[in-house]
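As the structure is a prediction and not an experimental result, all values here were calculated from the model. Counting from 1, the numbers follow the sequence of the chain as shown.
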Amino acid sequence: MKCRLCPRQCNAIRTANDNVGGVCAMPESIRLARAALHFWEEPSISGKNGSGTVFFSGCPLHCVFCQNSEISTKNIGKTVTPEKLADIFKNLEQQGAHNINLVTPTHYVPQIVESLNIYKPNIPIVYNTSGYETVETIKILKDYVDIYLFDFKYIDPNKAKLYSNAENYPEICKYALLEAYSQQSECVFDESGIMQKGVIVRHLLMPAATNDAIAVFDWVRSNTPNVFFSLMSQYIPIGRAKDMPFINRKITDREYNKVVEHIINSNFENCYIQEKGSATTKFIPDFDFTGI
């Protein structure tokens, strides 16, 4: 397979066991790091039973502050077939998961579609993405994905280049998000408040970036008014970020309060605001091949 699934457009040669020239470093065969109930997503995703998260190994973006760097950059994972992935979906459904949550799935979209054609669970499919997606790849998912859990990491191309080597991230993310929004433009919940369809846009508040966070929120509110916006405050300096100026610390109370106040004053009601005390490593799961 000659891969052009993500905006890197690196034309990697991906075979069953190898990846030649690709940023994600993943072969064509599916590699997973964990498949288990997860309770730390937004309330309408995790609910009481948990979200059936499937963590895919590899990532096209490689942010310097990635909390999942163990699997995104270190080539850790267990190989499964599309048939096995379908069985994992079924098992998570039988455990009572509120949804199937595909985490960092971009470079495995064709294989995911194949698995969903084998078995489509009777619970929502969540596409949990960094936001660095091509419109073409999002279009492939139209008949398969019920909920888009969409990161909007950067609105400043300079920050996107510095922290993810992806200067084009802001424009790429906007176009991909608009495509996702065109597919799921209304948020639908069941009687228990669990999302069945819709889009949640996440933004991680970073140090020295309050104006960026406000600009992201304002763009989302203006261009995708029916989504839920999720402000995340869990940033911690990890990996390469510990050695980088400006982001080698947690956010301050002043930074957090400034952005929260702007959101509250906007009267935009569809919001989740993460508590500032969430900035800890205890919410990072163990990538020990559970459930695979």
A.B. asks: Tell me if a side-chain donor or acceptor on Arg8 pairs with a main-chain N or O of Gly22 at a distance below 3.5 Å.
C.D. replies: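 Pair absent, no side-chain N/O of Arg8 close to backbone of Gly22.
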A.B. asks: With a sphere of 6.0 Å drawn around NZ of Lys142, does it hold more than 12 non-hydrogen atoms of other residues, nucleotides or ligands?
C.D. replies: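 Not buried by this count: 12 neighbours or fewer within 6.0 Å.
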A.B. asks: If you round to the nearest 0.5 Å, how far is CG of Leu92 from NE2 of His38?
C.D. replies: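 If I round to the nearest 0.5 Å, the distance is 12.5 Å.
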A.B. asks: With a 4.0 Å cut-off, would you call Lys120 and Asp146 a salt bridge?
C.D. replies: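 Yes.
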A.B. asks: Please say whether the positively charged group of Arg14, taken as NZ for Lys or CZ for Arg, lies over the ring of Tyr108, i.e. under 6.0 angstrom from the six-membered ring centre and within 45 degrees of the axis.
C.D. replies: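 Arg14 over Tyr108 ring: yes.
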A.B. asks: If two hydrophobic side chains count as joined below 4.5 Å and joins carry through other members, does Ile200 share a cluster with Ile100?
C.D. replies: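 Cluster IDs for Ile200 and Ile100 differ.
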A.B. asks: Applying side chain to side chain contact (heavy atoms under 4.5 Å, CB included), run through Leu177 and Tyr148 and close with a yes or a no.
C.D. replies: CA-CA 9 Å; Leu177 176 55; Tyr148 286 96; over 6 Å; no
A.B. asks: Could you tell me whether the side chain of His98 and the main chain of Lys48 form a donor-acceptor pair under 3.5 Å?
C.D. replies: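 Indeed, once roles are kept as given, a pair shorter than 3.5 Å links the two residues.
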A.B. asks: Heavy-atom distance under 4.5 Å between the side chains of Leu205 and Tyr235, does that happen here?
C.D. replies: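 Not in contact.
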A.B. asks: First locate atom CG of Leu204, then atom CD1 of Ile251, and finally report the distance between them rounded to the nearest 0.5 Å.
C.D. replies: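 So the CG of Leu204 and the CD1 of Ile251 are separated by 8.0 Å.
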A.B. asks: Do Asn226 and Cys187 have side chains that approach each other closer than 4.5 Å (heavy atoms only, starting at C-beta)?
C.D. replies: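 A side-chain contact is absent here, since even the closest heavy-atom pair is not under 4.5 Å.
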A.B. asks: Between Tyr169 and Tyr154, does the ring centroid distance fall short of 6.0 Å?
C.D. replies: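 Centroid separation for Tyr169 and Tyr154: below 6.0 Å.
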A.B. asks: Supply the atom-to-atom distance Met232 CE to Arg202 CZ, rounded to the nearest 0.5 angstrom.
C.D. replies: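 It is 4.5 Å, given to the nearest 0.5 Å.
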A.B. asks: Could you see if Val20 belongs to whatever hydrophobic cluster contains Met26? Use Ile, Leu, Val, Met, Phe, Trp, Tyr and a side-chain cutoff under 4.5 Å.
C.D. replies: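 Unlinked, Val20 and Met26 end up in two clusters.
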A.B. asks: If you look at every heavy atom in Ile263 and Cys271, which pair is closest and at what distance?
C.D. replies: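 In terms of heavy atoms, the two residues are closest at CG2-SG, 3.6 Å.
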A.B. asks: Would Ile155 and Phe229 show up in the same hydrophobic cluster when neighbours are defined by side-chain heavy atoms closer than 4.5 Å?
C.D. replies: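 Looking at the clustering, Phe229 is in the same group as Ile155.
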A.B. asks: For the residue pair Gly58 and Thr104, what are the closest heavy atoms and their distance?
C.D. replies: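 Minimum heavy-atom separation between Gly58 and Thr104: O-CG2, 3.3 Å.
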A.B. asks: With side-chain hydrogen bond (donor to acceptor under 3.5 Å, both in side chains) as the test, would you mind laying out the steps for Asp87 and Tyr119 before giving the verdict?
C.D. replies: CA-CA 8 Å; Asp87 286 340; Tyr119 180 73; over 6 Å; no
A.B. asks: So, do Glu133 and Ile172 sit near enough that their side-chain heavy atoms are less than 4.5 Å apart?
C.D. replies: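 Not touching, per the 4.5 Å side-chain cut-off.
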A.B. asks: Can a donor-acceptor pair be found, under 3.5 Å and without considering hydrogens, that links the side chain of Gln196 to the backbone of Pro124?
C.D. replies: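 Checked: no pair found.
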A.B. asks: Are a donor atom and an acceptor atom from the side chains of Asp218 and His262 found within less than 3.5 Å of each other?
C.D. replies: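 Side-chain D/A pair, Asp218 to His262: present.
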A.B. asks: Work out which heavy atom in Cys24 is nearest to a heavy atom in His62; give both atom names and the distance.
C.D. replies: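 Closest pair (atom of Cys24, atom of His62, distance): CA-NE2, 4.5 Å.
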A.B. asks: Could you tell me if the side chain of Thr53 sits less than 4.5 Å from the side chain of Glu41, heavy atoms only?
C.D. replies: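 Side-chain contact under 4.5 Å: yes.
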A.B. asks: State whether the side chain of Ser51 and the backbone N or O of Ser46 hold a donor-acceptor pair below 3.5 Å, judged by distance alone.
C.D. replies: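 Between the backbone of Ser46 and the side chain of Ser51 there is no qualifying donor-acceptor contact (under 3.5 Å).
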A.B. asks: Mind listing the closest non-hydrogen atom pair of Ile123 and Ala97 along with its distance?
C.D. replies: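 It is CD1-O, 3.5 Å.
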A.B. asks: Mind listing the closest non-hydrogen atom pair of Ala12 and Asn19 along with its distance?
C.D. replies: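 For Ala12 and Asn19, the tightest heavy-atom pair comes out as CB-OD1, 3.8 Å.
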A.B. asks: So do the side chains of Phe287 and Ile76 get within less than 4.5 Å of each other, counting heavy atoms only?
C.D. replies: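 A side-chain contact is absent here, since even the closest heavy-atom pair is not under 4.5 Å.
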A.B. asks: Let's go through Leu32 and Ile88 carefully: what are the C-alpha distance in whole Å and the side-chain angles of both, what is the deciding distance for side chain to side chain contact (heavy atoms under 4.5 Å, CB included) to 0.1 Å, and is it a yes or a no?
C.D. replies: CA-CA 11 Å; Leu32 303 180; Ile88 289 171; 3.6 Å; yes
A.B. asks: Are any of the side-chain nitrogens in Glu70 or Arg34 under 4.0 Å away from the carboxylate oxygens of its partner?
C.D. replies: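 No, no charged N to carboxylate O under 4.0 Å.
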A.B. asks: Would you confirm whether His107, through its side chain, and Ser57, through its main-chain N or O, come within 3.5 Å as a donor-acceptor pair?
C.D. replies: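 It does hold such a pair.
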A.B. asks: Consider only side-chain N and O atoms of Gln274 and Ser230, and report whether a donor and an acceptor are under 3.5 Å apart.
C.D. replies: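 Not at all, the side chains of Gln274 and Ser230 share no donor-acceptor pair under 3.5 Å.
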A.B. asks: With respect to Phe228, which candidate in Tyr181, Phe189, Phe268 satisfies the ring pair (Phe, Tyr, Trp, His ring centres under 6.0 Å) definition?
C.D. replies: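 Among Tyr181, Phe189, Phe268, the one meeting ring pair (Phe, Tyr, Trp, His ring centres under 6.0 Å) with Phe228 is Phe189.
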A.B. asks: Do Thr134 and Gln9 come within less than 4.5 Å of each other through their side chains, counting heavy atoms only?
C.D. replies: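 Touching, per the 4.5 Å side-chain cut-off.
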A.B. asks: Rounded to the nearest 0.5 Å, what's the gap from NZ on Lys197 to CD1 on Ile125? Could you check?
C.D. replies: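 So the NZ of Lys197 and the CD1 of Ile125 are separated by 10.5 Å.
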A.B. asks: Could you walk me through whether Val54 and Leu85 pass the side chain to side chain contact (heavy atoms under 4.5 Å, CB included) check?
C.D. replies: CA-CA 9 Å; Val54 181; Leu85 182 57; 4.1 Å; yes
A.B. asks: Locate the shortest heavy-atom distance separating Ile118 from Ala86; write the atom from each residue and the value.
C.D. replies: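 Of all heavy-atom pairs spanning Ile118 and Ala86, the closest is CG2-CB, 3.8 Å.
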A.B. asks: Output the distance between atom CD (Glu179) and atom CZ (Phe150), rounded to the nearest 0.5 Å.
C.D. replies: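 Between Glu179 CD and Phe150 CZ, I get 9.5 Å after rounding to 0.5 Å.
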A.B. asks: Can you confirm whether Leu116 sits close enough to Pro121 that some side-chain heavy atom of one is under 4.5 Å from a side-chain heavy atom of the other?
C.D. replies: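 Counting from C-beta outward, Leu116 and Pro121 do come under 4.5 Å.
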A.B. asks: Return yes when atom CZ of Phe246 has more than 12 non-hydrogen atoms of other residues, nucleotides or ligands closer than 6.0 Å, and no otherwise.
C.D. replies: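 Atom CZ in Phe246 is not crowded, with 12 or fewer foreign heavy atoms closer than 6.0 Å.
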A.B. asks: Would Val199 end up clustered with Ile273 when hydrophobic side chains under 4.5 Å apart are linked, directly or stepwise?
C.D. replies: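 Val199 and Ile273: one cluster.
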A.B. asks: Going through the distances and angles, do Thr129 and Asp151 end up as a side chain to side chain contact (heavy atoms under 4.5 Å, CB included)?
C.D. replies: CA-CA 6 Å; Thr129 169; Asp151 279 3; over 6 Å; no
A.B. asks: Verify, without hydrogens or angle tests, whether Thr137 (side chain) and Leu5 (backbone) share a donor-acceptor contact under 3.5 angstrom.
C.D. replies: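 Checking the backbone N and O of Leu5 against the side chain of Thr137, a donor-acceptor pair under 3.5 Å is found.
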A.B. asks: I need the Leu61 CG to Ser130 OG distance, nearest 0.5 Å.
C.D. replies: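 Taking CG in Leu61 and OG in Ser130, the distance rounds to 4.5 Å.
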A.B. asks: Side chains of Asp212 and Met206: does their closest heavy-atom pair fall under 4.5 Å?
C.D. replies: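 SC-SC contact between Asp212 and Met206 ruled out.
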A.B. asks: Determine whether Tyr272 and Val216 fall in the same hydrophobic cluster, where Ile, Leu, Val, Met, Phe, Trp and Tyr are linked whenever their side-chain heavy atoms lie under 4.5 Å apart.
C.D. replies: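 Cluster IDs for Tyr272 and Val216 differ.
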A.B. asks: Do Asn117 and Tyr144 have a side chain donor and acceptor closer than 3.5 Å?
C.D. replies: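 There is such a pair between these side chains.
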A.B. asks: Could you tell me whether the side chain of Gln67 and the main chain of Ile238 form a donor-acceptor pair under 3.5 Å?
C.D. replies: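 It does not hold such a pair.
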A.B. asks: With distance as the sole test, does Asn68 use its side chain to make a donor-acceptor pair with the main-chain N or O of Ser72 at under 3.5 Å?
C.D. replies: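 Here the side-chain-to-backbone pair does not exist.
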A.B. asks: Is there a donor-acceptor contact under 3.5 Å from the side chain of Gln183 to the main chain of Ile138?
C.D. replies: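 The answer is yes, because a donor-acceptor pair under 3.5 Å joins these two groups.
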A.B. asks: For Gln184 and Tyr127, does a side-chain donor sit closer than 3.5 Å to a side-chain acceptor?
C.D. replies: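 No, Tyr127 and Gln184 have no side-chain donor paired with an acceptor closer than 3.5 Å.
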A.B. asks: Got a donor-acceptor contact below 3.5 angstrom from the Asn99 side chain to the Ile45 backbone?
C.D. replies: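 Looks like yes, one N/O pair under 3.5 Å.
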A.B. asks: Does the pair Glu171/Lys174 count as a salt bridge with the N-to-O cut at 4.0 Å?
C.D. replies: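 Result for this pair is yes, salt bridge flagged.
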